[in-house]
Amino acid sequence: MTWMTTTTTPELGGLVLDWFAVAARDLPWRHPGTTPWAVLVSEVMLQQTPVTRVLPVWEAWLARWPTPAALAAEPAGEAVRAWGRLGYPRRALRLHQAATAVVERHDGVIPAELDALLTLPGVGAYTARAVAAFAFRQRHPVVDVNVRRLYARAVEGRADPPATVSRRDLAAVAELLPADAETAAMTSAALMELGALVCVARTPRCPACPLLGQCAWVAAGSPAGTGPARRPQGYAGTDRQVRGRLLAVLRDAEHPVDRMLLDQVWDEPVQRGRALAGLIEDGLVAELSPGVYALPA
DNA sequence: AATCCGTGGAA
DNA sequence: TTTCCAAGGAT
């Protein structure tokens, strides 16, 4: 792969790095010596999940499963149980699948190549590049929602980023990165941190921003965006809520549970049945015998 | 491309 | 109280 070496705003990276050196949070997965496996676990846990909720689960997870092989040696249900209430429990299942794939295909070693990372379950365009950059110190554009929002504002002058990430977005962010791989990796972490702490979604703290003087959005008068797209529905009453309740019962149970116990979490039988069937379909729940359920083996 | 997939804190 | 949204991925 060939990288662009020109930079449209060569000073941006330096400003962000200087700010990062002073303002960055002390997050354990950024400490030197953090294994690629630990970085991967952090990235998957952080998908759509705030840092403060990830921290204790990440610590416990790695204390119990310090290597992919350690996790792969246990039932997938143990991963789902250890996931706790982080949300989107399919991530736990995929992390277990990824650990298994790493053991089977990579001798238990997290691969450093982007293409190999992309084949792992639960590892998409963002997570693969995050691992390649943060664990292996390679030069890749690491574009999450923070970076997209920061880029939309500082460079494009727009209040909000586009809904989806395109290849052109990746290329555009790549142009912001310095040529040196180690510095590029640190710049990516800094861009994410700035988006997470200063250039936040609802009320950006522009006075604290190192890019204030060159921000295209501020220069344009900080025009309001179109606002968030209306969510089709809230959370209460959805299948997601029912699935969450069902899985919570199984997570907290040390033994298989009867259907009668699961039936108590939701009154409406059709939706309840649909939710349970969905969990089984997803591999998050196993039916050991008719009417008896547990986390998967 | 649009939708689905959890959870809980902050405003 | 309700709404927003948080280091996305799979289909």
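Keep in mind the model is a prediction, meaning the values are calculated, not measured. Sequence lines set the chain letters: A, B, ... in the order given, protein chains first and strands last, and positions in each chain run from 1.
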Q: Determine: side-chain N/O of A/Tyr235 to OP1/OP2 of B/dG6, distance under 4.0 Å, yes or no.
A: no
Q. Quick one: is C/dG9 close enough that its OP1 or OP2 comes under 4.0 Å of any side-chain N or O from A/Thr127?
A. yes
Across the strands shown, which category fits [X] at heavy-atom distances under 4.0 angstrom: base, sugar-phosphate, nothing?
{"X": "A/Ala163", "answer": "nothing"}
{"X": "A/Leu246", "answer": "nothing"}
{"X": "A/Val44", "answer": "nothing"}

Q | Atom pair CE (A/Met192) and CZ (A/Phe20), whose distance is rounded to the nearest 0.5 Å | A | 9.5 Å
Q | ILVMFWY cluster, A/Val198 and A/Val173 together (side-chain gap under 4.5 Å) | A | yes
(Q) On DNA chain C, compare the nucleotides closest to A/Gly122 and A/Asp144; which residue's is nearer the 5' end? (A) A/Asp144
(Q) Pick the closest DNA chain C nucleotide for A/Ala128 and for A/Ala201 by heavy atoms, then say which residue is nearer the 5' end. (A) A/Ala201
(Q) Quiz question: going by heavy-atom distance under 3.5 Å, is there a donor-acceptor pair between the base of B/dT7 and the side chain of A/Arg240? (A) no
Q: Spell out yes or no: do the side chain of A/Thr49 and the base of B/dG6 have one donor N/O and one acceptor N/O closer than 3.5 Å?
A: yes
Q) Can you name the one residue among A/Val80, A/Asp252, A/Val242 that meets side chain to side chain contact (heavy atoms under 4.5 Å, CB included) with A/Leu247? A) A/Val80
Q | N/O donor-acceptor pair under 3.5 Å between A/Trp29 side chain and A/Phe134 backbone | A | no
Q | 5'-most by nearest nucleotide on DNA chain B - A/Gln48 or A/Thr164 | A | A/Thr164
Q | Closest-nucleotide 5' rank along DNA chain B - winner of A/Thr203 and A/Gln47 | A | A/Gln47
Q) Hey, are the side chains of A/Tyr151 and A/Asp169 touching, using non-hydrogen atoms and a 4.5 Å cut-off? A) no
Q.
side chain to side chain contact (heavy atoms under 4.5 Å, CB included), that's the test. Do A/Leu17 and A/Thr183 meet it? Break it down for me.
A. CA-CA 9 Å; A/Leu17 280 178; A/Thr183 313; 3.7 Å; yes
Measure from [atom1] on [X] to [atom2] on [N] and round the result to the nearest Å.
{"X": "A/Arg205", "N": "B/dA11", "atom1": "CZ", "atom2": "C1'", "result": "12 Å"}
{"X": "A/Leu55", "N": "B/dG8", "atom1": "CG", "atom2": "P", "result": "16 Å"}
{"X": "A/Leu197", "N": "C/dA6", "atom1": "CG", "atom2": "C1'", "result": "13 Å"}

Q | Nearest to side-chain heavy atoms of A/Arg149, which nucleotide of C/dA6, B/dT7, B/dG6 | A | C/dA6
Q. In terms of side-chain heavy atoms of A/Arg53, which of C/dG9, B/dG8, C/dC5 is nearest?
A. B/dG8
**Q.** Interface with DNA chain C, restricted to residues 80-94 of chain A and to heavy atoms under 4.0 Å
**A.** A/Arg90, A/Arg94
Q | Same-atom distance (C1') from C/dA7 to B/dA2, integer angstrom | A | 23 Å
Q. Any Lys/Arg nitrogen of A/Glu74 or A/Arg81 sitting under 4.0 Å from an Asp/Glu carboxylate oxygen of the other?
A. no
